[in-house]
Amino acid sequence: MEMRTGFHKRLQEIQDNLLIMGSMAEKATMRSIEALRKRDVSLAEKVIADDHRINDKRFEIEDTCIQLMATQQPMASDLRTLVGVLNIVSELERMGDYAVGIATNTIKLVEEPPVRLPSGLYAMAEKAADMLRRSLSTFVNRDSEVARAIAAEDDEIDETYDVVLRELIDTMITDPETANQAIRLIWVAHRL
């Protein structure tokens, strides 16, 4: 019984760390968009510099999961949780990489003449951050009904992406000299 109590305590710590990592990925995404909005190179550089923390958190969580699997022989539901965590941390790390990509594009865009940013970029970032936050909470709380509802909300982001894409294409057609900036912003929207 003592071993199972210790196991469940470690499993809870893993889930707590998963929430921390999710918060880190969310902050990186929102900071990268804020850097873009303000044309703030120092904030973009901070997003890039802080990415190692997200990577380190991923490896810490993965190591703990693998150690628990190897030493504690988790039951089916606990094993599913651990495998789910392993998949999620990989995606959170990728989100951090996307934030770095947005920050990198921001630095390059600052070197170009300003172009009007589609307002949909902010809406996409806010919606994605909200979905991330609620998804992780849903995973930890095991609420499959809410999880399905959140997954359906992805269509809203796709619709906003289509509007942003059309707006940026129109910008390039109207003013071909903005093509480079518009292409970078399309890349940003795609990552969101």
Side-chain angles (χ1 to χ4, degrees), residues 10-36 43-44 46-70 74 76-106 120-162 164-165 184-192:
R10 301 241 356 243
L11 188 60
Q12 183 61 52
E13 289 170 0
I14 288 170
Q15 292 179 100
D16 292 346
N17 278 324
L18 177 69
L19 294 174
I20 290 168
M21 186 179 178
S23 176
M24 293 165 74
E26 176 189 349
K27 284 179 185 170
T29 300
M30 295 310 292
R31 284 181 178 160
S32 69
I33 291 298
E34 186 66 13
L36 177 65
L43 183 56
K46 181 160 178 45
V47 170
I48 294 167
D50 287 348
D51 184 54
H52 74 91
R53 291 182 176 153
I54 294 172
N55 298 340
D56 291 348
K57 184 58 83 173
R58 172 193 178 177
F59 296 128
E60 173 191 336
I61 293 169
E62 284 178 341
D63 287 347
T64 305
C65 287
I66 291 167
Q67 181 185 33
L68 276 182
M69 284 184 209
S77 64
D78 293 333
L79 184 59
R80 284 190 297 272
T81 297
L82 291 169
V83 170
V85 167
L86 289 171
N87 285 305
I88 292 168
V89 297
S90 175
E91 294 302 321
L92 292 174
E93 190 268 333
R94 183 180 304 179
M95 290 178 72
D97 291 344
Y98 288 162
V100 166
I102 293 169
T104 301
N105 270 298
T106 295
L121 283 177
Y122 309 119
M124 289 174 68
E126 289 173 2
K127 182 66 177 176
D130 176 61
M131 288 174 65
L132 170 62
R133 200 175 316 109
R134 290 183 297 128
S135 294
L136 291 174
S137 176
T138 298
F139 175 77
V140 170
N141 294 321
R142 310 291 189 270
D143 192 338
S144 59
E145 188 175 318
V146 173
R148 280 189 281 280
I150 293 169
E153 293 176 26
D154 185 55
D155 292 342
E156 294 174 37
I157 291 179
D158 293 340
E159 290 168 9
T160 306
Y161 173 76
D162 291 341
V164 167
L165 180 62
R184 289 192 188 283
L185 291 172
I186 288 170
W187 189 92
V188 168
H190 181 72
R191 293 302 178 243
L192 290 173

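Not measured: the values here are computed from a predicted model. For this chain, numbers begin at 1 and follow the sequence in order.
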- Task: Would you indicate whether the side-chain heavy atoms of Ile14 and Cys65 approach each other to under 4.5 Å?
- Result: yes
- Side-chain heavy-atom pair Val85, Ile61 within 4.5 angstrom cut-off: yes
- Note on the structure: Closest heavy-atom pair, Met131 versus Ile150, reported as atoms and distance to 0.1 Å, is CE-O, 3.3 Å
- Query: Under 3.5 Å, side chain of Asn87 to main-chain N/O of Val83, donor-acceptor pair present?
  - Reply: yes
- With the side chain counted from C-beta on, respond yes when Ile157 and Thr160 share a heavy-atom pair under 4.5 Å apart, and no when they do not. no
- Message: I need the Arg31 CZ to Glu26 CD distance, nearest 0.5 Å.
- Response: 10.5 Å
- Item | Any side-chain heavy-atom pair of Trp187 and Ile102 under 4.5 Å | yes
- Rounded to the nearest 0.5 Å, how far does CG of Asp50 lie from CG of Asn55? 11.0 Å
- Thinking salt bridges, do Glu60 and Lys57 make one under a 4.0 Å N-O criterion? yes
- Which atom names give the shortest non-hydrogen contact between Met124 and Val164, and what distance separates them? SD-CG2, 4.3 Å
- Is the closest side-chain heavy-atom distance between Thr81 and Arg142 below 4.5 Å? yes
- Message: Can you give me the closest heavy-atom contact between Ala28 and Ile54, atom names plus distance?
- Response: CB-CD1, 4.0 Å
- Do the side chain of Asp130 and the main chain of Glu126 share a donor and acceptor less than 3.5 angstrom apart? no
- Indicate yes or no: at least one non-hydrogen side-chain atom of Met30 is less than 4.5 angstrom from one of Glu34. no
- Check: Ser137 side chain, Arg133 main-chain N or O, donor-acceptor pair, under 3.5 Å: no
- Query: If you take all heavy atoms of Leu68 and Arg10, which pair is closest and at what distance?
  - Reply: CD1-CB, 3.8 Å
- More than 12 heavy atoms from other groups under 6.0 Å of NZ on Lys27: no
- Reported CG-to-CD distance for the pair Leu18 and Gln15, which is rounded to 0.5 angstrom: 7.5 Å
- So, do Leu185 and Leu36 sit near enough that their side-chain heavy atoms are less than 4.5 Å apart? yes
- CZ-CG distance between Arg191 and Asp97, expressed to the nearest 0.5 angstrom: 10.0 Å
- Euclidean distance, Thr104 OG1 relative to Ile48 CD1, rounded to 0.5 Å: 3.5 Å
- Taking all atoms of both residues into account, what is the closest heavy-atom pair of Ser32 and Ala103, and its distance? CB-N, 4.1 Å
- Is there a donor-acceptor pair closer than 3.5 Å between any side-chain N or O of Arg134 and the backbone N or O of Leu132? no
- Are any non-hydrogen side-chain atoms of Leu192 and Ile33 less than 4.5 angstrom apart? yes
- Separation between CG (Leu92) and CG (Leu136), nearest 0.5 Å, reads 5.5 Å
- Query: Judged by modelled atom types alone, do Asp16 and Gln12 share a side-chain donor-acceptor pair under 3.5 Å?
  - Reply: yes
- Message: I need the minimum non-hydrogen distance between Ala35 and Ala44, along with the two atoms involved.
- Response: CB-N, 3.7 Å
